[in-house]
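Every chain is numbered from 1 and lettered A, B, ... according to where its sequence line falls, protein lines coming before strand lines.
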2 protein chains.
Amino acid sequence: MATQIMKATLGRLPRYLKYLKSIEDEMPTISATTISKALELGEVQVRKDLSAVSGKGKPKVGYNTKELISMLEETLGVDKINSAVIVGAGRLGRALLNYSGFEKYGLQIVAAFDSQIEKEESVGDKKIMPMSKFKEFCLLNNIRLGIITVPKFAAQEVCDKMLQSGIEAIWNFAPTALIVPNHIVLQQENLALSLAYLNYQLNNK
Amino acid sequence: MATQIMKATLGRLPRYLKYLKSIEDEMPTISATTISKALELGEVQVRKDLSAVSGKGKPKVGYNTKELISMLEETLGVDKINSAVIVGAGRLGRALLNYSGFEKYGLQIVAAFDSQIEKEESVGDKKIMPMSKFKEFCLLNNIRLGIITVPKFAAQEVCDKMLQSGIEAIWNFAPTALIVPNHIVLQQENLALSLAYLNYQLNNK
């Protein structure tokens with residue numbers, strides 16, 4: 001990969017991939033101009049996005065379509081799907097467990113766990129299991145991603161348990177700053193802040 | 001307000017406000033250095049954040065504490081709490097209805113609506129009402145913020161209904177691009193993308 005990719009860029013990559021796959025048989029090469037018109041995106045943005053994934057297209061020729069597809073797939077990690085688990089099967093945890101659209105980014109949520117649950121339950125085609133099965137499940141299934149949707153007071157304990165179970169990346173919805181070693185990838189979600197920002201824009205428009 | 005404030009800055013403002021309120025009686029003036037030490041934030045960041053809210057402190061004196069408090073409150077809109085409603089009382093809608101922490105940013109979610117519901121229900125101390133009551137409720141209660149947590153296919157219809165009901169700012173969780181007039185504030189939430197970005201960081205660390 002050429003450079004570290006920004007979140008906004010990453011969000012557009014599935015659109016490029018979908019489009020390129022739809023035309024790969026007819027167009028062995030494709031220009032940024034053609035892509036930008038087809039997807040109604042600015043040409044400068046398309047060039048910038050694609051150069052982050054694969055370098056520049058050739059002048060007058062553009063990109064090799066199949067090469068660009070495989071670079072997009074590699075960046076998105078489509079070829080190696082990572083599995084994630086949720087701890088905290090309250091409303092938010094259950095909502096995420098069935099939230100659609102994760103697969104196109106190369107990952108799937110495979111199960112949820114909750115300390116309040118004694119017997120396995122199902123939500124759609126996904127299972128919710130007691131916390132006592134957590135570590136074994138993660139190790140057996142090589143789980144590397146954990147999502148925390150427990151109340152604030154329980155979040156650090158759950159985080160520690162995740163790290164002991166081989167998890168290397170954590171998406172935390174609890175409104176508390178988690179302490180993790182440097183090699184762990186941590187992403188703090190703050191839904192209140194997203195709404196606050198909308199409110200701020202409303203008050204200042 | 002001096003300038004348009006960034007989302008990350010806005011996220012720190014409640015911490016400044018909470019701290020300043022805790023010391024306002026003892027410290028009529030306060031320096032950025034003191035604030036940065038108390039909150040364990042970088043001094044450059046504190047100066048930048050506060051200058052976006054209130055301009056610079058006086059050399060050797062710092063900020064007038066009470067003035068800074070009132071400017072923070074004004075920016076956060078704490079004095080004029082906006083009410084928001086949710087349309088779509090599935091798992092995600094119900095999770096947001098009871099998500100804590102919105103109040104400190106000057107807003108509250110007052111009710112949810114759902115086209116599948118015929119009789120009023122309660123989730124905690126909040127009500128879920130049938131969609132037939134939506135417009136009247138919004139107009140009567142001067143609702144300006146709407147949150148969409150319906151499936152993709154229903155999102156534009158709900159959005160249109162919100163605009164007809166006086167709503168001016170929309171937070172959309174449905175994975176679809178909504179069409180709104182220019183004067184409407186629109187924020188698209190993409191939870192799949194947040195998880196995808198974590199996955200990307202995991203694959204590239």
Side-chain angles (χ1 to χ4, degrees), chain A residues 1 4-8 10-11 13-14 74-77 80 82 84 90-107 109 123 144-145 147 149 151-152 168-171 173 175 183 185-187 189-205, chain B residues 1 4-8 10-11 13-14 74-77 80 82 84 90-107 109 123 144-145 147 149 151-152 168-171 173 175 183 185-187 189-205:
Chain A
M1 214 149 314
Q4 177 71 15
I5 292 180
M6 301 295 292
K7 191 171 171 184
L10 194 72
L13 299 189
E74 192 192 323
T75 304
L76 284 168
K80 44 172 178 178
N82 280 321
R91 291 193 191 94
L92 184 59
R94 285 164 195 254
L96 291 173
L97 191 59
N98 277 355
Y99 196 80
S100 60
F102 289 125
E103 277 82 1
K104 70 176 169 180
Y105 292 104
L107 47 91
I109 300 177
V123 172
R144 297 173 68 206
L145 272 155
I147 302 169
T149 52
K152 186 175 168 173
E168 295 166 69
I170 290 176
W171 189 20
F173 282 83
H183 67 281
V185 181
L186 176 65
Q187 191 163 296
E189 189 72 37
N190 188 337
L191 291 175
L193 180 55
S194 293
L195 184 52
Y197 195 58
L198 188 68
N199 192 37
Y200 167 76
Q201 290 173 296
L202 180 63
N203 284 338
N204 293 279
K205 79 173 185 177
Chain B
M1 216 149 316
Q4 179 71 15
I5 291 179
M6 302 295 292
K7 192 171 169 184
L10 194 72
L13 300 190
E74 191 192 325
T75 303
L76 284 167
K80 44 172 177 178
N82 281 320
R91 291 194 192 92
L92 183 60
R94 284 165 195 253
L96 291 174
L97 191 59
N98 276 355
Y99 196 79
S100 59
F102 290 126
E103 276 81 1
K104 71 176 169 182
Y105 292 104
L107 47 90
I109 300 178
V123 173
R144 297 174 69 205
L145 272 155
I147 301 169
T149 51
K152 188 174 167 173
E168 296 165 69
I170 290 176
W171 188 20
F173 281 83
H183 68 280
V185 181
L186 176 64
Q187 191 164 298
E189 189 72 36
N190 188 337
L191 291 175
L193 179 55
S194 292
L195 184 51
Y197 196 58
L198 187 68
N199 192 37
Y200 167 76
Q201 291 173 295
L202 180 63
N203 283 338
N204 293 279
K205 77 172 184 175

What is the distance from atom [atom1] of [X] to atom [atom2] of [Y], rounded to the nearest 0.5 Å?
X	Y	atom1	atom2	answer
B:Asn199	A:Leu10	CG	CG	9.0 Å
B:Arg144	A:Leu202	CZ	CG	4.0 Å
B:Glu189	A:Glu189	CD	CD	6.0 Å

Legend entry - Interface moiety of A:Leu97 toward chain B, non-hydrogen atoms closer than 4.5 Å: neither

Legend entry - A:Leu198 and B:Leu186, any side-chain heavy atoms less than 4.5 Å apart: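 When only atoms from C-beta onward are counted, A:Leu198 and B:Leu186 do not touch, as no gap falls below 4.5 Å.
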
